[in-house]
Amino acid sequence: MVSGARAAPSGTRGSRGGWILLRAARLVSDDDETAVTLERASGDALVDLLFAAYGLTPGEREICREVLTGASTVDIAEALGISAHTVQGHLKIVFAKAGMRIRGEPAARPRGLAQSAD
């Protein structure tokens, strides 16, 4: 588990239903020791963890962050300098990866998970 944690933060559901973020870093020493920390995941850390869990690309993550702010497809397209059609294409892929059917679900799911983590 430590070798996986060195590669990237990972997470798991805690016993109370919240998410726990696992981080690992090699200690500065002659020994090959690693420090592992556990912390309650919330806010941006939780969103990043969920994006990683769904395997979203950087572009998909950027669009999802805009969706989470409540931006419309046209607003997202203008902010990112892409077409509304491209935004919709990315969202369609995100929905498929996350097993969602409607646009409101991506915004509701992370918020609901973040609330249960508190």
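Of the possible donor and acceptor atoms, none in the side chain of R26 sits under 3.5 Å from a partner among the backbone N and O of T34.
Residue pairs satisfying the salt bridge (charged side-chain N to carboxylate O under 4.0 Å, His left out) criterion with at least one member in residues 73-99, sequence neighbours excluded, are listed as follows: E60-K97. Among residue pairs with one or both ends in residues 44-54, those qualifying as salt bridge (charged side-chain N to carboxylate O under 4.0 Å, His left out) are D48-R65; sequence neighbours excluded.
Of all the heavy atoms in C64 and F51, the pair that sits closest is CB-CZ, 3.5 Å. For the residue pair A84 and A77, the shortest heavy atom distance occurs at N-CB, 3.6 Å. Taking all atoms of both residues into account, the shortest heavy-atom contact from I76 to E66 is CG1-CB, 3.5 Å.
By the salt bridge (charged side-chain N to carboxylate O under 4.0 Å, His left out) test, E39 pairs with R23, sequence neighbours left out. Among residues two or more places apart in sequence or in another chain, the side chain to side chain contact (heavy atoms under 4.5 Å, CB included) test is passed with A53 by none. Listed by chain and number, the residues in a side chain to side chain contact (heavy atoms under 4.5 Å, CB included) with I82 are I63, L80, T86, V87 (sequence neighbours excluded).
Hydrophobic cluster membership is shared by L56 and L68, with clusters built from Ile, Leu, Val, Met, Phe, Trp and Tyr side chains linked at under 4.5 angstrom. Taking hydrophobic clusters as Ile, Leu, Val, Met, Phe, Trp and Tyr residues chained together by side-chain heavy-atom distances below 4.5 Å, V67 shares a cluster with F95.
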query = Under the side-chain contact (heavy atoms from CB on, under 4.5 Å) criterion, do L22 and L38 qualify, and how do the steps go?
reply = CA-CA 5 Å; L22 234 65; L38 302 170; 2.5 Å; yes

